[in-house]
There are 2 protein chains.
Amino acid sequence: MKKVSILDVVEKSGVSLVTVSRVLNNSTTVREINRQKVLQAMKDLGYTPSSAARSLARGSTGLIGITLQTLGDTVFDGIIHAVNESLEAKGYFLALSIASPAQMDNSAVNHFLFQEDRVDGIILLSTFAEKEYVLELKRKKIPFVIIDNHIEDTKAITINVDNFLGGYEATKHLLNLGHTKIMHISGPELYLSARDRRRGYEQAMAEADLAPTVIMAEQFDIRCGFDSVKTCLEHGLKPTAVFAGEDGLALGAMDAFRDEGYHIPRDISIVGYDDQYFAKAIHPRLTTIRQPMEKLGQEAVRILLEMIDGSSKRSKSVCLTPALIVRESTAEWKEHT
Amino acid sequence: MKKVSILDVVEKSGVSLVTVSRVLNNSTTVREINRQKVLQAMKDLGYTPSSAARSLARGSTGLIGITLQTLGDTVFDGIIHAVNESLEAKGYFLALSIASPAQMDNSAVNHFLFQEDRVDGIILLSTFAEKEYVLELKRKKIPFVIIDNHIEDTKAITINVDNFLGGYEATKHLLNLGHTKIMHISGPELYLSARDRRRGYEQAMAEADLAPTVIMAEQFDIRCGFDSVKTCLEHGLKPTAVFAGEDGLALGAMDAFRDEGYHIPRDISIVGYDDQYFAKAIHPRLTTIRQPMEKLGQEAVRILLEMIDGSSKRSKSVCLTPALIVRESTAEWKEHT
DNA sequence: GTGAAAGCGCTAACAA
DNA sequence: TTGTTAGCGCTTTCAC
């Protein structure tokens with residue numbers, strides 16, 4: 001009933017400890033007969049190597065950590081799955097770690113991934129404790145990259161999507177449909193992505209010689225989208241199109257307009273952002289900006305592993321391109337009564 | 001630039017290795033002066049203990065693993081946060097691991113949490129590879145519990161919510177409002193929870209001497225909810241109320257009814273399940289069944305830790321009670337033209 | 001191809 | 001209170 005160790009395998013198989021270790025590590029310098037003997041012994045004994053011992057002996061864990069706060073986001077979900085698969089292909093495992101809101105304060109210190117040498121590298125996914133994390137990770141000399149950073153010029157490697165371009169394209173799409181009264185619902189200032197998307201909107205409007213109208217939502221969520229539209233209508237604003245900084249906001253906005261008797265997209269066009277899972281499930285289907293989640297994850301892994309094995313001395317940050325997905329919530333603007 | 005180890009601390013602080021170790025483990029048998037000396041030396045050196053060495057030496061990792069497939073679910077999100085907090089309070093860390101759809105097949109074998117002795121215990125969160133996992137975990141003698149199991153009588157400790165009761169209560173609520181033509185949209189057979197919710201519905205209907213009408217959705221999602229209602233209406237079914245087995249289904253159903261000119265809740269009442277984050281954000285706000293996510297997480301941790309430290313020989317499965325949340329999507333039934 | 005020996009960094013008896 | 005002495009289970013030179 002006690003834990004079976006490599007020594008038991010040695011005994012059972014009749015070869016030396018070193019040979020067993022070699023089999024474990026797929027070394028080619030083991031005679032086939034011996035390999036079989038060892039494999040058989042392992043099987044019989046139900047042997048599994050001790051990861052602690054291996055990590056200790058070779059100085060690395062084969063684990064990559066990723067930190068996140070929310071689980072309820074299609075984009076993060078997609079990124080994480082991509083990371084997981086890329087990592088697997090490289091022989092690494094992924095350990096996620098959620099930062100509770102409560103941890104927000106002393107987060108960096110309490111984080112198990114950072115605590116000790118539990119992982120070989122870390123991916124920071126859109127964290128707000130970015131500054132502390134970066135400091136702590138640099139101090140501990142743990143290789144890391146950041147996906148979706150929020151600090152303007154972090155001194156770290158980042159993997160991002162061009163949110164400025166996304167905002168620009170979204171607005172441009174509306175402009176091309178003949179809209180001129182285009183309102184933007186922007187997410188919290190805290191998000192660099194929100195700020196960039198807004199800049200993109202403003203740029204597109206400026207280029208069209210149109211005055212921007214932006215409403216600041218307190219959160220990236222449905223309720224805020226709803227409230228934003230309601231207050232805007234109360235104030236007499238009559239946009240013919242809305243570019244929402246996130247799909248949740250867009251969904252809330254749609255709800256609100258419908259509540260006021262608007263038909264989408266006849267009376268109002270709506271563009272969201274992120275292509276959340278519900279975007280193509282609701283009615284009308286939401287036109288939105290999609291982030292290349294797979295690519296984001298893959299790039300993060302590629303760069304991080306480069307940093308770990310030191311193959312590339314000077315890794316560079318990456319900025320990817322988003323894509324406009326046109327669905328049914330936007331239409332050409334036709335004046336009507 | 002080389003890794004600083006406990007030996008460096010020993011040298012710098014002037015005390016013995018064991019004393020340093022004692023400080024590390026908060027042993028009370030260390031003179032305050034020495035403790036300070038050690039602490040100072042650690043700080044100066046920027047020392048952090050090696051988790052691999054610690055795990056190896058004491059035979060446990062202080063890590064608990066949890067497996068999941070989706071990140072986009074409010075209930076799972078809530079459970080995981082609760083688990084994380086409970087664990088933290090007990091000095092454990094939580095490592096999440098997602099099973100890619102691709103892993104579905106040979107999942108148990110490829111799972112890093114199971115692979116070696118990486119964790120002290122595992123929580124299986126609503127997995128479909130339940131059978132394989134259970135087998136593998138038992139073979140490896142890794143303590144584990146299952147939250148939201150899908151196999152009728154798993155030979156394992158489970159923490160669940162009474163889905164039968166939830167379905168019953170949801171239906172009862174509609175019945176109490178005077179509805180008699182109550183349709184149920186059920187989730188995939190694969191889910192034990194879906195089957196139980198349906199049984200609850202059927203029971204309630206039977207008690208009211210009403211014939212049940214159930215539509216099977218292929219997925220717990222918005223699109224399926226939409227399609228279910230559309231086909232049901234095409235077939236001439238005219239329910240006055242719908243109990244959807246999940247909020248996504250409910251949302252899709254609402255969309256479809258609205259699309260057909262129904263007003264909610266005047267013409268049709270809708271009850272969902274799970275109290276997803278959007279349930280109280282959409283319009284009208286969705287009446288639904290809420291699962292005690294915090295309690296689920298806490299209980300899972302409590303039982304798992306009991307199993308690990310062996311304090312309780314015979315842990316028992318737990319079944320918790322869901323709660324009906326009445327909001328605006330349901331109303332008393334009044335005949336009208 | 002194979003094996004003996006020397007760690008990896010820490011904890012846990014056991015004495016002192 | 002503190003230190004000595006063994007390991008924990010595996011990988012990795014370096015000879016054979």
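Naming convention: chains lettered A, B, ... in sequence-line order (proteins, then strands); numbering from 1 in each chain. The structure presented is a predicted model; accordingly, all values stated were derived computationally and were not measured.
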Member of A:N34, A:V9, A:I33 meeting the side-chain contact (heavy atoms from CB on, under 4.5 Å) criterion with A:V15: A:N34
Which parts of nucleotides 8-16 of chain C does protein reach within less than 4.0 Å, heavy atoms only, written one letter per nucleotide 5' to 3' as B for base, S for sugar-phosphate only and - for none? BBBBB----
Scan A:T29 against the nucleic acid and name what it touches under 4.0 Å (heavy atoms): base, sugar-phosphate only, or nothing. base
Taking side chain as C-beta onward, heavy atoms only, is B:I147 less than 4.5 Å from B:E299? no
Establish, yes or no, whether a centroid distance under 6.0 Å links the rings of B:F128 and B:Y191. yes
In residues 33-43 of chain A, what residues come within less than 4.0 Å of DNA chain C, judged by heavy atoms? A:N34
For the side-chain contact (heavy atoms from CB on, under 4.5 Å) test, which of A:I303, A:V83, A:I159 pairs with A:I123? A:V83
When you compare the side chain of A:I80 with that of A:I66, does any pair of heavy atoms fall below 4.5 Å? yes
Taking the side chain as everything from C-beta on, heavy atoms only, tell me whether B:D162 gets closer than 4.5 Å to B:T321. no
Nearest atoms (heavy-atom pairs only) where A:L56 meets B:A52: N-CB, 3.7 Å
Above 12 or not: heavy atoms from other molecules or residues under 6.0 Å from CD of B:Q36? yes
